[in-house]
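A short write-up of the structure that comes next.
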Amino acid sequence: MAAPDVFLGVVLEIEGKDIALEPKTPVNKISVYGLEAELPKGTEVLLGSVGGGIQSFVQSVTNDPTWKMPDKKDLPGVVAGVYDTVMTAEITINDLYIKIPPKSNDEKTAAEKLETAYRLGVYVGWPKPQSLIGNLSLKGISIRVDKSATPALPAPPK
């Protein structure tokens, strides 16, 4: 009787928000298939507003708690006009996928030539739709970055 597959997920933290990734590869098969995990379908993680999120992110990356977003009054007219709208937009992660290929002992295998793959889907929207023209309003925008692994992972040995 074969041993059962065991899956191990990972929880990332971005700006104090937990993002639990569901494992796709059993732990006992990572050496053959690599590591693959993703945000479960239908899961969304609200990160907060653009204004608060950008400031907090830059402060943490630069290790400078005094860094501040520019003041609206210091910006050119057109930029200042949309500043409040942009800063109040909320950021939500609605798709996250990572695939790290297996490490191979044989330098000539296809697995060695694979690159890490990832996909990130982000929705940026406003609590109140932004009026454009007439009855047409903008509720938000969706951004997706996708770097697929090529070629496909080789089939595991039998």
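Quick caveat, the model's predicted, so the values are computed rather than measured.
There is no path of hydrophobic side-chain contacts, each under 4.5 Å, that joins L35 to I19. Under a hydrophobic clustering in which Ile, Leu, Val, Met, Phe, Trp and Tyr are joined whenever their side-chain heavy atoms come within less than 4.5 Å, directly or via other members, L136 and L138 fall into the same cluster. There is a path of hydrophobic side-chain contacts, each under 4.5 Å, that joins I100 to I30.
In this structure, CD1 on I93 lies 4.5 Å from CG on L47, to the nearest 0.5 angstrom. Rounded to the nearest 0.5 angstrom, K41 NZ and N94 CG are separated by 10.5 Å. A distance of 14.0 Å separates NZ of K139 from OG of S142, quoted to the nearest 0.5 Å. Between the CH2 atom in W126 and the CD1 atom in I141 there is a gap of 6.0 Å [rounded to 0.5 Å]. One finds the CD1 atom of I143 at 8.5 Å from the CD1 atom of I91 (value rounded to the nearest 0.5 Å). One finds the OH atom of Y118 at 9.0 Å from the CG atom of D146 (value rounded to the nearest 0.5 Å).
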Given L75 and Y83, is the side chain to side chain contact (heavy atoms under 4.5 Å, CB included) satisfied, shown in steps?
-> CA-CA 9 Å; L75 298 172; Y83 183 84; 3.3 Å; yes
Output, in order, the C-alpha distance, side-chain angles, deciding distance and verdict of side chain to side chain contact (heavy atoms under 4.5 Å, CB included) for R119 and R144.
-> CA-CA 7 Å; R119 185 177 66 237; R144 182 173 161 186; 3.0 Å; yes
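Across all their heavy atoms, G34 and T25 have their closest contact at O-CG2, 3.0 Å. Smallest separation of non-hydrogen atoms from P129 and S137: CB-CB, 3.7 Å. When every heavy atom of K147 is checked against every heavy atom of T116, the shortest pair comes out as NZ-O, 3.3 Å.
Ion pairing of K99 with E38 is absent here, as no side-chain N (NZ or NE/NH1/NH2) approaches a carboxylate O to less than 4.0 Å.
Across L96, L39, I98, a single residue satisfies side chain to side chain contact (heavy atoms under 4.5 Å, CB included) together with L12, and that is L96.
In this structure, a donor-acceptor pair under 3.5 Å is present between the side chains of E36 and Y97.
Between the side chain of Q130 and the main chain of K128, a donor-acceptor pair closer than 3.5 Å is present.
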